[in-house]
Amino acid sequence: MTTSRLKSLVESLIFVSDTPVSLDRLCGILEEYGREDIRSAVAALMDEYAQPERGIALAEVAKGYQFRTREENGEYVRRLIKIKASRFSQSALETLAIIAYRQPITRAEIEYLRGVDSGGVVKTLLEKKLIKILGKKDIPGRPLIYGTTKEFLEIFSLRDLKSLPTLREIEELSAERMNEQQEELPLEDPPVGASHGNGAVERDGD
Amino acid sequence: MTTSRLKSLVESLIFVSDTPVSLDRLCGILEEYGREDIRSAVAALMDEYAQPERGIALAEVAKGYQFRTREENGEYVRRLIKIKASRFSQSALETLAIIAYRQPITRAEIEYLRGVDSGGVVKTLLEKKLIKILGKKDIPGRPLIYGTTKEFLEIFSLRDLKSLPTLREIEELSAERMNEQQEELPLEDPPVGASHGNGAVERDGD
Amino acid sequence: MVRHQVENHDNSEQYNTLYNVKLDKFEGPLDLLLYLIRKNELDIYDISISIITGQYLEYLKLMKELNLEVAGEFLVMASTLIQIKSNMLLPTREEDHSGEEEEEDPRAELVRRLLEYSRYKEAALLLSERKLLGRELFARSFPAPELQTVEKSDEPLEVELFELIEAFRAILAKAPRESFHEVSAESISIAERINEILSLLQEKELILFDELFENSLDRDYIVATFLAVLELCKLKMIRVRQQTQYGVLRIMPAVVEPVEEPRSEGGGDDVAT
């Protein structure tokens with residue numbers, strides 16, 4: 001029951017799973033070991049894999065642990081697996097953000113916040129499993145309510161919903177961005193709707 | 001083009017592949033690197049993973065290289081898979097859906113809708129306690145009629161059967177898309193966020 | 001930049017395409033308004049409604065001139081703006097408490113919506129800047145080879161509600177034609193009511209007939225509920241009892257989970273009366 005044995009077991013278990021493995025699940029399997037020992041074995045592994053020359057990192061996502069390839073290697077990995085990168089349209093991202101922050105939320109509420117019909121986007125997000133139906137709201141008409149899924153956390157590499165920036169932080173960022181834009185951009189050359197989303201602006205803000 | 005960078009790339013590539021990766025394949029992807037360098041990067045990685053306290057080993061199998069969990073850990077790894085949540089088979093999902101939405105329903109009615117014999121699936125669903133026998137139908141032959149159980153509601157986190165979304169509710173989501181949003185929401189393969197789209201437009205204008 | 005080019009080109013076809021692309025970028029009226037506010041360097045807390053309304057309406061006009069379909073939401077917002085503008089023209093009373101004064105500002109609701117919307121727009125941007133699994137990061141999404149021989153015990157099940165209903169929809173789409181009649185709006189609501197009554201009976205052992213009609217006075221609903229009760233009686237799944245003549249009808253479950261004796265032919269028949 002040495003530490004290195006436990007670390008080896010944890011490494012095997014996380015490696016072999018095709019979804020993030022939670023600490024609870026590890027404890028359930030490694031019943032001979034104590035929770036705290038398991039937790040520190042995970043932490044030690046994370047440290048080891050954090051070295052910059054490694055091609056794999058141990059990430060904490062969706063309330064579990066998962067090995068993932070290092071970001072800088074993405075281009076080569078794409079050459080190997082030849083998948084089409086999934087991308088999100090502005091409307092999908094907006095809707096997803098609203099659902100992430102305001103869940104459980106009805107379609108009518110989403111549409112009030114966005115100011116546009118959102119049925120199509122909601123359906124697509126359901127199909128992509130980024131959101132799910134949580135049930136029905138206890139108000140007249142009993143509308144469906146939506147929330148984000150575990151897949152949402154996995155795809156956006158989020159540990160949990162709490163690790164999203166708070167709305168207050170976002171407000172500050174947004175105010176900053178707005179000021180910058182007004183300074184940077186002369187009237188003649190207006191940013192088209194979305195262009196304040198430009199990476200350059202964002203970096204300047206940091 | 002340092003060795004550690006190459007090693008990191010090789011590690012990522014072998015990790016992410018579901019089949020053993022041959023040296024030829026690695027060379028094809030890592031075209032910026034020489035074959036001998038790649039070969040020695042693989043060898044160095046194998047050495048690193050060969051340490052006894054590791055939970056993963058880099059194995060050379062018939063057709064190439066592949067990460068495998070260490071054999072001594074096999075027992076634990078098998079426990080993991082045993083308690084792993086499994087997905088519904090398509091036939092189980094179909095049958096369950098029919099029963100959920102058309103209960104009370106007889107097996108003959110299920111089979112009429114599905115067009116295939118469904119005795120086996122019904123039995124499995126009964127065993128899993130997702131459906132139950134509600135009674136007998138008052139028609140010749142007095143066939144059994146089925147409905148869903150409390151366990152069914154639990155799996156879908158539904159408070160009651162009333163909370164099941166109706167077909168109409170789902171259809172309403174996509175209805176609008178057909179009318180107005182069809183062209184606006186190329187969600188299947190949309191352009192990246194906002195900034196890329198913007199750039200593209202500008203180029204088009206030139 | 002797009003606008004700049006538009007102004008320099010006479011070629012109407014190009015004009016059309018360019019604007020088309022540009023207008024598509026506004027996710028909706030709120031997005032367009034935010035753009036106009038930023039363009040005019042307005043303080044979002046003190047928007048000049050006349051400037052904004054003017055430019056907003058110009059935009060809609062332009063969209064129409066270009067034969068672009070103007071979504072209903074844009075028109076609704078236009079009338080909201082005009083409404084606010086006319087309210088602003090009414091003499092406002094000076095209040096002693098500044099807080100109350102703010103509440104009376106006809107723009108308040110719009111400002112709140114714009115602020116709220118800009119927050120989510122920002123949040124969307126932050127999401128798009130994250131490293132995505134499947135784009136920059138990759139995990140092993142397949143079962144490890146050494147596990148393929150291990151037989152799974154399929155105890156816990158993982159499935160989403162949406163998959164269930166999609167499965168049902170797919171079935172209906174390819175089911176024999178005749179079954180389509182049954183799926184008409186009316187029969188769906190009967191099936192729904194059957195489900196609702198069954199789930200009520202799971203919660204409590206007894207419901208009063210009148211309780212079933214409490215939620216609605218809608219005629220179709222009442223008819224569907226009544227047919228659902230008849231159907232359930234016919235299936236012998238509920239018992240309907242009455243203590244006195246013209247008394248309250250009580251509905252009880254007839255079968256309590258007779259899972260054990262499905263095959264006995266004459267035995268379990270008298271579960272209901």
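Chain letters run A, B, ... following the sequence lines, proteins first, then strands; residues in each count from 1. Excluded from the calculations below are hydrogen atoms, water molecules and symmetry mates; all remaining heavy atoms, backbone and side chain alike, are included.
- A salt bridge is absent between Glu32(B) and Arg5(B): the closest approach of a Lys/Arg side-chain nitrogen to an acidic carboxylate oxygen does not fall below 4.0 angstrom.
- By number of non-hydrogen pairs under 4.5 angstrom with chain B, the leading residue of Lys132(A), Arg79(A), Lys137(A), Glu53(A) is Arg79(A).
- In terms of the side chain to side chain donor-acceptor pair (under 3.5 Å) criterion, residue partners of Glu169(B) (sequence neighbours excluded) are, by chain and number, Lys136(A), Thr166(B).
- Under a 4.0 Å N-O distance rule, the pair Arg39(B)/Glu36(B) qualifies as a salt bridge.
- Using a 4.0 Å cut-off between a side-chain N of Lys or Arg and a carboxylate O of Asp or Glu, Asp24(A) and Arg35(A) qualify as a salt bridge.
- Your options are Leu13(B), Val10(B), Leu45(B), Leu26(B), and the one with the most heavy-atom pairs under 4.5 Å with chain A is Leu13(B).
- The residues Lys150(B) and Asp160(B) are annotated as not salt-bridged, no charged nitrogen and carboxylate oxygen being separated by less than 4.0 angstrom.
- A salt bridge links Asp138(A) to Arg159(B): one of the charged nitrogens lies within less than 4.0 Å of a carboxylate oxygen.
- Donor-acceptor pairing under 3.5 Å is recorded for the side chains of Glu11(B) and Tyr49(B).
- Side-chain polar atoms of Ser8(A) and Asn73(B) form a donor-acceptor pair below 3.5 angstrom.
- Heavy-atom distances place both the backbone and the side chain of Leu80(A) under 4.5 Å from chain B.
- Phe15(B) touches chain A through its side chain: at least one heavy atom from C-beta onward sits under 4.5 Å away, while N, CA, C and O do not.
- Contact tally against chain A (heavy-atom pairs below 4.5 Å) for Arg54(B), Glu72(B), Glu48(B): the top residue is Arg54(B).
- For the residue pair Arg114(B)/Thr95(B), the side-chain donor-acceptor check at 3.5 Å is satisfied.
- Of all the listed residues (Leu158(B), Leu9(B), Leu164(B), Val16(B)), the one sharing the greatest number of non-hydrogen pairs under 4.5 Å with chain A is Leu9(B).
- With a threshold of 4.5 angstrom between heavy atoms, Ile14(A) does not approach chain B through any atom at all.
- Residues from residues 55-71 of chain A that place a non-hydrogen atom less than 4.5 Å from a non-hydrogen atom of chain B comprise Gly55(A), Ile56(A), Phe67(A), Arg68(A), Thr69(A), Arg70(A), given in numerical order.
- When heavy atoms are compared at a cutoff of 4.5 Å, Gln51(B) does not approach chain A at all.
- Using a 4.0 Å cut-off between charged nitrogen and carboxylate oxygen, Glu127(B) and Lys123(B) count as a salt-bridge pair.
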